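Here's the structure, in C-alpha cells; my notes come after.
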Amino acid sequence: MNYLIFSDTHGDRQEFEAILHRYQHDPEIAAIFYNGDSEFDDSDPIWQGIHTVLGNMDFYDGYPIENVYKNQKDDIIIYQTHGHLARVADGLQMLDELAEKQQANIVLFGHTHVVFTGEYDHKLFINPGSTTYPRGPRREIGGTYVILTVSAKKFVVRYFARDFQEIASLQQTFKR
C-alpha cells in the first residue's frame, strides 16, 4: 500500500490543494498524512479524510498534537507529530521515545523543513520536507513530499517535487 506524506505548506493553499487533487482519490493511496503548519483553520473541510497534527504555526485548538495510525493489513503503526514539541531540531531521541510508547515502527514529522529519511532505534523516520519553504542541503530541489510504499518485506520512500516528478536520487529502500 502507498501513503502520502506532506508538511509545512504555511498557507500555500494552491499547492496543498494541488497535491490533494493529484492523490486524494487515487485507489493506490491507503492514507494521507499532513504533518502540520498549514496555517488553515482546523474546521476547514479540506481536512476530511486527512490525518493531520498541530504545527507550531497552526493557531487553532482543534488539531491533535499527535496521531497514531494502525494498519493491520500492512502490519504498521505510524506515529505522527509535527516535531516542535519533541525538539526534532535537536535530534530524534525525544521523538523516538514518544513513538516507542505507541509501539510505532514508522515515525512521521515535519517542522524543520529538511528532507530526512532514516532508521533510528529500529524505526523508520520520515520528514517529507516542506512543499513551500524547503531548507537544508537539498533545498535547491524545491518543495517536496513523500509517497511511502509498504510491502511485506520492505519500505520504499520516494520523494516528489512540486511538479509531481519523482526525485530519484532521494529514493530509499529499507528492509522490514
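Counting from 1, the numbers follow the sequence of the chain as shown. Just so you know, these numbers come straight off a predicted model, no measurement behind them.
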Is there a donor-acceptor contact under 3.5 Å linking the side chains of N127 and S7?
no

So, H113 side chain and Y133 main chain: donor-acceptor pair closer than 3.5 Å or not?
yes

Would a hydrophobic clustering, with Ile, Leu, Val, Met, Phe, Trp and Tyr connected at side-chain separations under 4.5 Å, put I76 with F33?
yes

Show the nearest heavy-atom pair for residues I126 and I5, with the distance to one decimal.
CD1-CD1, 4.2 Å

Treat each ILVMFWY residue as a node, draw an edge where side-chain heavy atoms are under 4.5 Å apart, and state whether I29 and I50 are in one component.
yes

Are the side chains of R158 and T149 in touch, meaning some heavy atoms are under 4.5 Å apart?
yes

Beyond-backbone contact of Y34 with V53, side-chain heavy atoms, under 4.5 angstrom:
no

Pairing residues for E28 by the side chain to side chain contact (heavy atoms under 4.5 Å, CB included) criterion, not counting sequence neighbours:
N2, D26

Can you confirm whether D121 sits close enough to E100 that some side-chain heavy atom of one is under 4.5 Å from a side-chain heavy atom of the other?
yes

Quick one: closest heavy-atom pair of K73 and N71, and the distance?
N-OD1, 2.9 Å

Would you say the side chain of L92 lies within less than 4.5 Å of the side chain of F125, judging by non-hydrogen atoms?
yes

Looking at every heavy atom in both A30 and M1, which two are closest together, and how far apart are they?
CB-SD, 3.9 Å

Determine yes or no for a side-chain-to-main-chain donor-acceptor pair under 3.5 angstrom, with Q93 supplying the side chain and V88 the backbone.
no

What pairs with D58 under salt bridge (Lys or Arg N to Asp or Glu O under 4.0 Å), at least two apart in sequence or on another chain?
none

Where D8 and G129 come nearest, the two heavy atoms and their spacing
OD2-O, 4.2 Å

Evaluate ring pair (Phe, Tyr, Trp, His ring centres under 6.0 Å) for Y60 paired with F40, printing each intermediate quantity in order.
CA-CA 8 Å; Y60 301 94; F40 304 155; 9.6 Å; no

Would you say the side-chain atoms of T9 pair up with the backbone N or O of F16, donor to acceptor, closer than 3.5 Å?
no

For L85 and M94 the tightest heavy-atom approach is O-SD, 3.4 Å

Could you state whether Y120 and I77 fall into the same hydrophobic cluster, counting links through intermediate Ile, Leu, Val, Met, Phe, Trp or Tyr residues with side-chain heavy atoms under 4.5 angstrom apart?
yes

Common cluster, V107/F116, ILVMFWY with side-chain heavy-atom separation under 4.5 Å
yes

Distance-only polar pair, side chains of Y159 and T117, donor-acceptor under 3.5 Å:
yes

When Ile, Leu, Val, Met, Phe, Trp and Tyr are grouped by side-chain heavy atoms lying under 4.5 Å apart, directly or through other members, which residues fall in the same group as F59?
M57

For F109, ring-ring contact (aromatic ring centres under 6.0 Å, His included) partners two or more places apart:
none

Kindly check if the number of other-residue, nucleotide or ligand heavy atoms within 6.0 Å of CD (Q103) is above 12?
no

With side-chain contact (heavy atoms from CB on, under 4.5 Å) as the test, would you mind laying out the steps for R162 and E15 before giving the verdict?
CA-CA 8 Å; R162 285 175 65 120; E15 181 61 21; 3.3 Å; yes

ring-ring contact (aromatic ring centres under 6.0 Å, His included) test vs H51 passes for just one of Y69, Y79, Y3, namely Y69

Closest heavy-atom contact between I19 and F6?
CD1-CD1, 3.9 Å

State whether the number of non-hydrogen atoms from other residues, nucleotides or ligands found under 6.0 Å of D163 atom CG is greater than 12.
yes

Counting N and O atoms only, with roles assigned by atom type, does the side chain of W47 sit under 3.5 Å from a partner on the main chain of Y63, one being a donor and the other an acceptor?
no

List the atom pairs, donor and acceptor, that lie under 3.5 Å between side-chain atoms in residues 166-176 and the rest of the protein, sequence neighbours left out.
residue, atom, partner, partner atom, Å
R176, NH1, D74, O, 2.9
R176, NH1, S151, O, 3.0
R176, NH2, D74, O, 3.1
R176, NH2, D75, O, 2.7

H82 and side-chain hydrogen bond (donor to acceptor under 3.5 Å, both in side chains): which partner among N35, T52, D37?
D37

Name every donor-acceptor pair, under 3.5 Å, that has one atom in a side chain of residues 134-148 and the other anywhere in the protein, sequence neighbours excluded.
residue, atom, partner, partner atom, Å
R139, NH1, G136, O, 2.8
T144, OG1, P128, O, 2.6
Y145, OH, Y23, OH, 2.6

In terms of hydrophobic clustering (I, L, V, M, F, W, Y; side-chain heavy atoms under 4.5 Å; direct or indirect links), are I46 and L4 co-clustered?
yes

